[in-house]
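Down below is the structure, laid out as structure tokens.
Computed from a predicted model, the values in this text were never measured in an experiment. For ligands, and for the atoms within them, numbers begin at 1 and follow the listed sequence.
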Amino acid sequence: MKNRLEVKTESEQTYPVIIEDTWPGSEYFPESDKLLIVIDQNVARHYGDELSAHFESFGSEILWYEVPFGESSKSIDQYSRIIDYALKNRVRRNTPLVAVGGGVTGDLAGFAAASILRGLPLYHLPTTLLAMVDSSIGGKTGINHTTGKNLIGAFYQPELVWANMQILETLPHSEWNCGMGEVLKYGCISNHDLLDSAEKIFDSPDLGDRANLKRVIEESARIKIDIVSRDEKESGIRAYLNFGHTFAHAIEAFTGYTRYSHGEAVFVGLVAALWLSEQKGAPVSAEPLIRFARYYKLNTLDLCSSVKELVSLMGSDKKNLTSKIRLVTLSDWQNAQIVELEDTGLLESAFQYALERVHNPA
Ligand SMILES: NC(=O)c1ccc[n+]([C@@H]2O[C@H](COP(=O)([O-])OP(=O)(O)OC[C@H]3O[C@@H](n4cnc5c(N)ncnc54)[C@H](O)[C@@H]3O)[C@@H](O)[C@H]2O)c1
């Protein structure tokens, strides 16, 4: 019995999210003379032979495009190269585009799928923890522009999301921590039990406790599905997924996107957002998250002298609709809400608290 979840969007489109230890069989794809595989270069290095043999067994011609690893591939240049490759190889409107990789490949290939011939059927095979629990679900696709991240894109839902957990075996340790930032977020906004299960994964970030890992991926995916199914285009509760992220984006921008990974910045942001929620009267505390500082091993103390600058960067977050700072807090564990704040002093204190408490360098 497959672990099958289902996304049903407001526009009544449905697609399965399947978490398995294998690759999807031909029965999941429409009949087509070609298959366009867009695959992360590192994933191709580890699994290219296995995957191409798998897809060749479907009997279709395989078009194979490798995306150089890294965020810089979410670019107009890569987008345009994929389009050139697809059109020169005469894909048709029914040619499935299979995106195999993390969030970078998924977002880039998803946007290409959305626009080639006004839309090719898209199949996500996420290969990072972050992509399995977050980016492959919900239909956000896109690339970066020189003026900012994710500024060009489309909402475009896939036909299938298939997570082969086995592939996480080769995921670098730093990438586990990245995905775990989102798992901790789900633990705060939706299911507090995830925090304990997450700790077991941090203790052995490999496929050791397979049952626990599967539970965590499944529950995280279920939470994301629940939220995006109720708010496909981010007009309301989908913003809850930004819990901790407004703080995180400011930290990433201030440190030039190089000093911390996104997941590390999210971890600091979650602590700040929990502290803020408590100050605003919610019966929550940042303590249950502080214990994860020993896994993240971050050096953050020097940023304490820059909390004013960090808060001013929060003000320029593209999700702010007014001059007030709009962010997500908890009214209680598992209950997120959107608030608008003008009290920059309180936000500075939230940064100060988080930067002091998570500091735990190796
Ligand atoms: N669409 C959405 O809703 C959404 C949500 C969250 C994040 N994102 C986007 O996701 C991107 C980040 O995604 P990510 O964290 O998956 O990073 P990523 O795609 O850059 O992958 C991280 C690294 O792991 C490597 N890798 C991937 N799978 C591997 C495997 N199984 N074994 C060995 N190496 C592997 C990649 O080559 C890369 O070097 C960002 O661009 C972000 O904006 C999108």
Residues in contact with ligand 1, criterion: heavy atom under 4.0 Å: Asp40, Asn42, Val43, His46, Phe69, Glu71, Lys74, Gly102, Gly103, Val104, Asp107, Thr127, Thr128, Leu130, Asp134, Ser135, Lys140, Lys149, Asn150, Ile167, Thr170, Leu171, Pro172, Glu175, Lys224
What class does the angle between the rings of Phe29 and Phe55 fall in, given that below 30° is parallel, 30 to 60° is tilted and above 60° is perpendicular? perpendicular
Pairs in or reaching into residues 257-271: which pass side chain to side chain donor-acceptor pair (under 3.5 Å), with residues at least two apart or in two chains? Glu252-His262, Arg259-Asp302
Please list, one pair per line, the donor and acceptor atoms closer than 3.5 Å that link side chains of residues 97-116 to other protein atoms, with sequence neighbours excluded.
| unit_1 | atom_1 | unit_2 | atom_2 | d |
| --- | --- | --- | --- | --- |
| Asp107 | OD2 | Lys74 | NZ | 2.9 |
| Ser115 | OG | Tyr79 | OH | 2.7 |
| Ser115 | OG | Phe111 | O | 2.8 |
| Ser115 | OG | Ala112 | O | 3.4 |

By ring pair (Phe, Tyr, Trp, His ring centres under 6.0 Å), which residues pair with Phe69, not counting sequence neighbours? none
Are side-chain N/O atoms of Tyr47 and Thr127 paired as donor and acceptor at under 3.5 Å? no
How are the rings of Trp162 and Tyr28 set to each other: parallel, tilted or perpendicular (split at 30° and 60°)? perpendicular
